[in-house]
Participant: 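Would you mind keeping the following structure in view while I ask a few things?
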Amino acid sequence: MARSVYLQCLEPMILNDDLDDLSPGVFKDFIELYESRDQFVSIEACVVRLKVSSFDIHQVVGVCRQYDLFDGLAYVFTTAFADARTPLEEYLLRLRREMRGKPNLPDEIVALGNKLIVYLSCCLNGLTYPSGLPNDTHASAIALDVFQSLLARHSRSPDDAEPVFVHLRTLLDFNTRETLNVFAMAFNQPYFNDAKGLEFQQQLVDRLQQVVVHGEDFEPTHVSAVFTFIARLMTKPDAKIVINRMLIEQTLEVLCVADSRSRHDERETAVMELYHSGVLKHIGDKLVMKLAETAKFFRLCEILYEKHNMYDKLLNCYLDDSLRKGYIFGFLQRVLISPLYEEADRQLVRDAFIVRFADLLALDRAKTAQLTVSSLWNDVPRLLKVISSDIMGQYLFVKALFDFVLRTPSTATGSEGTAFPMEYHDIFIELMCQVRPDTVYDHIRSNDGFDADRALEVCRKYGLVKPMAYLLEKRGDADQALDILMEEFNRMVCHYLVSQRDEASTEEYEKTLHATTDTARLVMDFCQRVGMKMDQPSREKMWLRVLEFMLSAIKSTDATCGDSRKSDLRILCVDLLKCMTGHVDLLVFLKLILEDPAYRHGKFGELRDLLLGIVDAYSYETILLSSTRNLLYRDIHNQIDRKKKSASKAISVSNDTCKICDMSLRIASYSDDKEKTHLAVFRCGHAFHTVCLKNLQSTPSKSEKEPPRAFRCPECKHP
């Protein structure tokens with residue numbers, strides 16, 4: 001019992017690196033105890049942390065082989081015998097047996113394969129397995145021995161079914177990419193870059209050609225990975241890899257034809273390195289370009305297109321590359337604006353721009369508009385034809401053009417001022433009528449530079465009443481504008497009368513009432529705005545026309561609607577009468593209302609509300625007029641009072657002589673010259689002889705019709 005406890009206490013000390021040396025007899029008992037308890041993981045963990053002198057090598061090797069403790073076996077062979085080859089070959093053969101005919105490997109076999117790759121990496125890079133510490137004693141010897149083992153044609157005891165280069169093939173079958181990564185890292189070591197090491201690199205390339213190129217068991221992704229590895233070896237600065245031209249062409253074809261989803265960027269980088277290193281000179285840029293286009297190697301295509309001035313294809317190259325689309329606008333700006341490019345090159349790019357315009361617009365509308373303004377300003381109609389099927393796209397593009405020019409008006413014309421051509425503005429308004437009709441009115445009110453007649457025609461085509469009325473009003477045709485508004489008002493009232501019946505839904509009724517109210521407000525605003533420019537008879541005629549129409553509409557509602565919906569138009573009529581107050585004689589429209597059948601037979605409460613509304617509007621305008629008059633009087637009084645106080649205030653004279661004649665001002669009191677006895681003193685403190693000021697004032701002016709000006713101080717121009 002005490003013996004077991006003692007041996008168990010050794011484990012944590014070994015695992016914590018507090019104990020690295022034991023008596024072989026003690027460790028033998030330790031292994032026997034843990035073996036009896038099936039604690040093989042603990043045995044392996046302790047083996048790799050102790051010195052080789054601490055245990056019986058025969059016993060440890062036997063236990064490791066019996067229970068598949070690869071880490072322990074590899075540690076003993078590499079440390080005790082400097083033999084990394086034996087455990088690698090032994091377990092590679094086992095891995096191959098387990099992999100045969102199994103598309104899905106068990107977890108323990110996958111773990112074994114990963115261990116073998118890590119072990120191979122440590123051996124080739126001069127590290128101790130499994131600790132990863134540098135091996136300062138046998139690093140190069142172990143690395144070259146292991147590498148030679150991988151290059152061997154057969155294992156030590158081959159059977160008839162064993163393929164050639166069995167160890168290399170096994171690693172490639174298990175994980176091609178990681179195996180090649182291990183080789184790539186190992187070739188950075190000094191012992192792989194001397195004469196013997198370079199020979200090993202050449203042998204590996206030859207073996208890979210025989211295994212992969214001439215083999216039938218490898219998938220295209222594995223073939224692509226191998227050729228990428230070979231290509232990178234060939235492009236190293238001090239590379240001395242020899243490959244015949246046929247294999248170079250085959251390498252290029254495999255890299256460019258393999259499945260586009262497999263290691264695309266890595267394959268593209270490999271081909272680019274081959275191209276830059278000059279290995280592909282005998283093939284020619286034309287064939288390389290064709291293969292690169294097939295494989296969608298856009299970075300390589302960019303280099304080739306730039307080299308051969310194929311700027312139109314370069315534009316397509318950027319647009320087709322999902323990762324580098326954002327670079328297209330910098331390229332376009334560089335080619336279209338820079339003086340370093342010929343006009344023929346710029347024209348190629350313009351033509352390609354037009355062809356791929358829809359893609360550019362989808363990528364960034366604002367930048368596309370900016371380039372259009374700066375370099376394709378005259379091609380806007382052609383660009384719109386490209387997207388003729390997309391009305392919304394056309395509108396958004398022209399709007400982007402308009403917004404950009406509005407922010408930078410000198411961009412298109414080279415001078416300040418509105419740079420948006422009338423032709424494009426008319427197109428913009430027509431597109432707006434189709435896509436955003438509710439914004440047309442605000443646009444034409446806040447902008448100029450469009451053909452008003454053309455805009456009116458477009459608005460009439462799409463039935464936009466409010467913009468039509470505004471354009472007619474702007475043109476001075478108020479009567480026609482009113483006719484259009486009244487026609488729209490009549491249409492809205494007809495819809496309202498239909499929805500006013502009790503069987504109509506509340507939602508439909510509210511919708512039509514809202515539309516009718518908006519149209520009525522539009523008519524009222526128009527009459528108020530236009531009536532200020534008319535004489536009294538014309539103004540009254542216009543307002544009374546609207547009122548008569550409203551009264552007739554109220555009469556129609558009394559015959560068709562229910563009691564709950566009868567008063568809505570009457571409320572609207574009250575608003576109309578409030579707007580008329582001040583524009584039409586009160587007695588005129590009041591008499592018209594009292595004589596109208598709509599109110600002659602109505603209830604007194606309805607008439608009372610109408611009259612009270614008129615009186616309220618009249619009272620409001622009376623109070624407003626009175627308040628304005630009082631404010632004006634008060635302001636005039638305050639100004640007069642300030643002037644009076646200022647005029648009554650004494651002024652100190654700052655000069656003793658007249659600045660005009662240079663004579664003393666003091667002689668004015670006893671001078672015989674009566675004209676010199678009167679002085680003019682300004683509020684600034686300067687004083688002059690009055691006659692001198694008059695003489696100065698009498699100087700001929702530029703215009704005989706110019707009225708005489710009040711005296712101002714000649715010194716400081718103060719009144």
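Bear in mind the structure is a predicted one, so any value in this text is a computation, not a measurement.
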Participant: Between C433 and L464, which heavy-atom pair has the shortest distance, and what is it?
Facilitator: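 Minimum heavy-atom separation between C433 and L464: SG-CD1, 3.5 Å.
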Participant: How far does CG of L482 sit from NZ of K541, to the nearest 0.5 angstrom?
Facilitator: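 With rounding to 0.5 Å, CG (L482) is 10.5 Å from NZ (K541).
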Participant: Using atom types as modelled and distance alone, determine if a side-chain donor or acceptor of S627 lies under 3.5 Å from a backbone N or O of L624.
Facilitator: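 Pair absent, no side-chain N/O of S627 close to backbone of L624.
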Participant: Name the orientation class of the two ring planes belonging to Y470 and Y441 (parallel below 30°, tilted from 30 to 60°, perpendicular beyond 60°).
Facilitator: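 Y470 vs Y441 ring planes: perpendicular.
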Participant: Can you name the side chain to side chain contact (heavy atoms under 4.5 Å, CB included) partners of R436, sequence neighbours left out?
Facilitator: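 Side chain to side chain contact (heavy atoms under 4.5 Å, CB included) list for R436, sorted by chain: M392, Y395, M432, D438, T439.
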Participant: Flag the pair P381 / E423 as yes when at least one side-chain heavy-atom distance between them is below 4.5 Å, and no otherwise.
Facilitator: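 Result yes, sub-4.5 Å side-chain heavy-atom pair found.
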Participant: Can you list the steps and then say if Q536 with E540 is a side-chain hydrogen bond (donor to acceptor under 3.5 Å, both in side chains)?
Facilitator: CA-CA 6 Å; Q536 184 64 25; E540 290 185 355; 2.7 Å; yes
Participant: Can R346 and E343 be counted as an ion pair, charged N to O under 4.0 angstrom?
Facilitator: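 Judged by the 4.0 Å cut-off on N to carboxylate O distance, R346 and E343 do form a salt bridge.
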Participant: Between K645 and D641, is there a salt bridge with N-O shorter than 4.0 Å?
Facilitator: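 Looking at K645 together with D641, the answer is yes, because their closest N to O distance falls below 4.0 Å.
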Participant: Given side chains that start at C-beta, do those of L363 and D359 come closer than 4.5 Å, heavy atoms only?
Facilitator: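 L363 does not reach D359 side chain to side chain.
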Participant: Any salt bridge linking E488 with K466? Criterion: basic side-chain nitrogen under 4.0 Å from a carboxylate oxygen.
Facilitator: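 No.
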Participant: Is D479 salt-bridged to R545, going by a charged N under 4.0 Å from an acidic O?
Facilitator: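 R545 and D479: not salt-bridged.
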Participant: Nearest 0.5 Å please: distance from the CG atom of L472 over to the CD1 atom of I484.
Facilitator: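 These two atoms lie 4.5 Å from each other.
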Participant: Determine the minimum heavy-atom distance between A352 and L315, stating which atoms define it.
Facilitator: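 Closest pair (atom of A352, atom of L315, distance): O-CD2, 4.0 Å.
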Participant: Ignoring hydrogens, what is the shortest heavy-atom contact between Q394 and S388? Give both atom names and the distance.
Facilitator: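 Nearest heavy atoms, Q394 then S388: NE2-CA, 3.4 Å.
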Participant: Provide the closest heavy-atom pair for G531 versus R539 in the form atom of the first, atom of the second, distance.
Facilitator: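 Answer, listing the atom of G531 first, then R539: O-NH1, 2.9 Å.
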Participant: Looking at G685, is its backbone amide N or carbonyl O close enough to the side chain of S654 to form a donor-acceptor pair, meaning the two atoms are under 3.5 Å apart?
Facilitator: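 Flag set: sc S654 to bb G685 pair under 3.5 Å.
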Participant: Rounded at 0.5 Å granularity, tell me how far NE2 in H689 sits from CG in L679.
Facilitator: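 Rounded to the nearest 0.5 Å, the NE2-CG separation comes to 5.5 Å.
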Participant: Using the rule given for side chain to side chain contact (heavy atoms under 4.5 Å, CB included), can you reason through D364 versus F329, listing the C-alpha separation, both sets of side-chain angles and the distance that settles it, and then say yes or no?
Facilitator: CA-CA 9 Å; D364 194 316; F329 295 103; 3.6 Å; yes
Participant: Is there a donor-acceptor pair under 3.5 Å between the side chain of T408 and the backbone N or O of V405?
Facilitator: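 Judged by distance alone, no pair lies under 3.5 Å.
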Participant: Is D403 paired with K399 through a side-chain N to carboxylate O contact shorter than 4.0 Å?
Facilitator: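 So K399 pairs with D403 through a salt bridge.
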Participant: Check this for me: Y327, atom OH, are more than 12 non-hydrogen atoms of other residues, nucleotides or ligands nearer than 6.0 Å?
Facilitator: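 For Y327, atom OH is not crowded (no more than 12 foreign heavy atoms under 6.0 Å).
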Participant: Any sub-3.5 Å donor-acceptor pair from N655's side-chain atoms to A687's backbone N or O?
Facilitator: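 Yes; judged by distance alone, with no hydrogens or angles, the pair exists.
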Participant: Answer whether the closest heavy-atom distance between the side chains of L376 and L336 falls below 4.5 Å.
Facilitator: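 Of all side-chain heavy-atom pairs linking L336 with L376, at least one is under 4.5 Å.
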Participant: Which pair of non-hydrogen atoms, one from T368 and one from L360, has the smallest distance, and what is that distance?
Facilitator: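 Result for this residue pair: OG1-O, 3.0 Å.
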Participant: Is there a side-chain contact between N447 and F402 in this structure, where contact means two heavy atoms from C-beta onward sitting under 4.5 Å apart?
Facilitator: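 Touching, per the 4.5 Å side-chain cut-off.
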Participant: Output yes when a side-chain donor or acceptor of T519 lies under 3.5 Å from a complementary backbone atom of F489, and no otherwise.
Facilitator: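 No, the answer is negative, given that no donor and acceptor are paired below the 3.5 Å cut-off.
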Participant: Tell me yes or no: between the side chains of D635 and Q639, is some donor less than 3.5 Å from an acceptor?
Facilitator: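 Distance-only check passes for D635 and Q639.
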Participant: Nearest 0.5 Å, what's the CG-CZ distance between L401 and R365?
Facilitator: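 Between L401 CG and R365 CZ, I get 11.0 Å after rounding to 0.5 Å.
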Participant: Please report the shortest heavy-atom distance between V546 and M486, naming the atom on each side.
Facilitator: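 What the structure gives for the nearest pair is CG2-SD, 4.0 Å.
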Participant: Give a yes or no answer on whether the side chain of N630 reaches the backbone of S626 with a donor-acceptor pair at less than 3.5 Å.
Facilitator: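 Yes, the answer is positive, given that a donor and an acceptor are paired below the 3.5 Å cut-off.
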Participant: Looking only at the side chains, is there a donor atom on one of Y341 and R334 sitting less than 3.5 Å from an acceptor on the other?
Facilitator: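 Looking only at side-chain atoms, R334 and Y341 do form a donor-acceptor pair, the distance falling under 3.5 Å.
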Participant: What's the spacing between I354 CD1 and K385 NZ if we round to 0.5 Å?
Facilitator: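 Answer rounded to 0.5 Å: 11.0 Å.
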Participant: Contact between V398 and L384 at the side-chain level, heavy atoms closer than 4.5 Å - yes or no?
Facilitator: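 When only atoms from C-beta onward are counted, L384 and V398 do touch, with a gap below 4.5 Å.
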Participant: Does the side chain of I640 reach to within under 4.5 Å of the side chain of H637, using non-hydrogen atoms?
Facilitator: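 With C-beta onward as the side chain, the pair stays apart.
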Participant: Find the distance between CG (L332) and OH (Y311) and round it off to the nearest 0.5 Å.
Facilitator: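 It is 13.0 Å, given to the nearest 0.5 Å.
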Participant: Taking T690 for the side chain and H678 for the main chain, is one N or O donor matched with an acceptor at less than 3.5 Å?
Facilitator: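 Flag set: sc T690 to bb H678 pair under 3.5 Å.
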Participant: Hey, is the main chain of D426 close enough, under 3.5 Å, to the side chain of D451 for a donor-acceptor pair?
Facilitator: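 Pair absent, no side-chain N/O of D451 close to backbone of D426.
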Participant: If you count every heavy atom of other residues, nucleotides or ligands that lies below 6.0 Å from K474 atom NZ, does the total exceed 12?
Facilitator: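 More than 12 within 6.0 Å, yes.
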Participant: Please work out whether the ring planes of F688 and F682 are parallel, tilted or perpendicular, with thresholds of 30° and 60°.
Facilitator: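 Correct class here is perpendicular.
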Participant: So, D453 and R475, do they make that salt bridge, N to O below 4.0 Å?
Facilitator: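 Judged by the 4.0 Å cut-off on N to carboxylate O distance, D453 and R475 do form a salt bridge.
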Participant: Give a yes or no answer on whether the side chain of D535 reaches the backbone of S538 with a donor-acceptor pair at less than 3.5 Å.
Facilitator: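 Side chain of D535 to backbone of S538, a donor-acceptor pair under 3.5 Å: yes, one is there.
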Participant: Does CD in Q347 sit with more than 12 non-hydrogen atoms of other residues, nucleotides or ligands closer than 6.0 Å?
Facilitator: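 Result for CD/Q347: enclosed.
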